[in-house]
Amino acid sequence: MKFFIDTANLAQIKEAQDLGVLDGVTTNPSLMAKEGIKGDANILKHYVDICNIVTGDVSAEVISTDFEGMVREGEALAKLHPQIVVKVPMIKEGVKAIKYFTEKGIRTNCTLVFSAGQALLAAKAGATYVSPFIGRLDDVSTDGLTLIEDIRTIYDNFGYETQILAASVRHPMHIIECAKIGADVATCPLSAIIALLKHPLTDSGLAQFLKDAGK
Ligand code: G3P
């Protein structure tokens, strides 16, 4: 299972990369705004800075909602760096754009996916990744993990190669459950990755070992 970090914060990306378990990065316009990155030139430079920290795929999202605009933006993003994956929202124009990018050999991440039907469309259009937002489904009393299970079943039924990228991950149990179901990727806040490390018996066991080592 691949671990992506879901942030545009360079320090957190570096910390996850240094841990040695990072396979990629996802960003979105809200995460870029949170870091105060404004203006086209600064945004493009920030994507390149991220690519220079990590070795894996880096999702960069288009903000146009029409086909022509998505194509123009996506082609510019893809030219920035070979690690860039163009993130496209699950709307009608987005499906058309994903199909276009697929035919051009440009990799895509279909974002804002909240149903199995949307995930099926993304796979048919040839998306490299599909991003179901599990935390936001949980927020509205709908089990996000059930959606991951449904997409896994559908993709396995037909051999779709689109990778399931569980997004809007909020805590370590989301990561563990996604791993059990067979999501290909989880994109997580750094806090959720670090939380996987923690166990009180590890801490107390280590304290005892160190105490005994001194005897
Ligand atoms: O990967 C999508 C993510 O950025 C959304 O997360 O926590 O805003 O629902 P959240």
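Source: prediction; values computed, not measured. Order of appearance sets the numbers: ligands from 1, and atoms from 1 within every ligand.
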**Report entry** Identity and distance of the protein heavy atom lying nearest atom 7 (O) of ligand 1
**Finding:**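 Residue, atom and distance for the closest contact: R170 NE, 3.0 Å.
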
Query - Closest protein heavy atom (residue, atom, distance) for atom 6 (O) of ligand 1 - result: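 Looking only at protein heavy atoms, the one closest to atom 6 (O) of ligand 1 is S168 CA, 3.5 Å.
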
Report task. Say whether, by atom type as modelled, one donor and one acceptor occur between the side chain of E15 and the main chain of L190 under 3.5 angstrom. Result ->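 No, E15 side chain to L190 backbone: no donor-acceptor pair under 3.5 Å.
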
Query raised in the report: Does T102 reach the main-chain N or O of G126 with its side chain, forming a donor-acceptor pair under 3.5 Å?
Result: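 Yes, T102 side chain to G126 backbone: donor-acceptor pair under 3.5 Å.
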
Query raised in the report: What atoms of ligand 1 come within less than 4.0 Å of a heavy atom belonging to A167?
Result: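 Answer for ligand 1: 1 (O), 2 (C).
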
Requested in this report: May I ask you to list the atoms of ligand 1 that are less than 4.0 angstrom from any heavy atom of F133?
Outcome: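 So the atoms of ligand 1 that pass are 2 (C), 5 (C).
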
Query raised in the report: In the hydrophobic clustering that connects Ile, Leu, Val, Met, Phe, Trp and Tyr at side-chain heavy-atom distances below 4.5 Å, which members other than Y129 occupy its cluster, ordered by chain and number?
Result: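 F4, V85, L165, V185, listed by chain and number.
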
Query raised in the report: Is it the case that one hydrophobic cluster holds both Y160 and M1, taking links as side-chain heavy atoms less than 4.5 Å apart, direct or via other members?
Result: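 Yes; M1 is reachable from Y160 via cluster members.
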
Query raised in the report: Taking heavy atoms and a distance under 4.0 Å, where does N28 meet ligand 1: side chain, backbone, both or neither?
Result: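 For N28, the contact with ligand 1 is made by the side chain alone.
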
Query raised in the report: Just distances here: any N/O of R136 and N/O of ligand 1 closer than 3.5 Å?
Result: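 Yes: some nitrogen or oxygen of R136 is under 3.5 Å from one in ligand 1.
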
Requested in this report: Check whether any N or O atom of D6, backbone or side chain, sits under 3.5 Å from an N or O atom of ligand 1, and answer yes or no.
Outcome: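 Yes.
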
**Report entry** Salt bridge E177-K180, side-chain N to carboxylate O under 4.0 Å
**Finding:**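 A salt bridge is present here (some side-chain N lies under 4.0 Å from a carboxylate O).
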
**Report entry** Residue pairs, two or more places apart or on separate chains, that pass ring-ring contact (aromatic ring centres under 6.0 Å, His included) and touch residues 60-116
**Finding:**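 Non-adjacent pairs meeting ring-ring contact (aromatic ring centres under 6.0 Å, His included): F67-Y100, F114-F133.
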
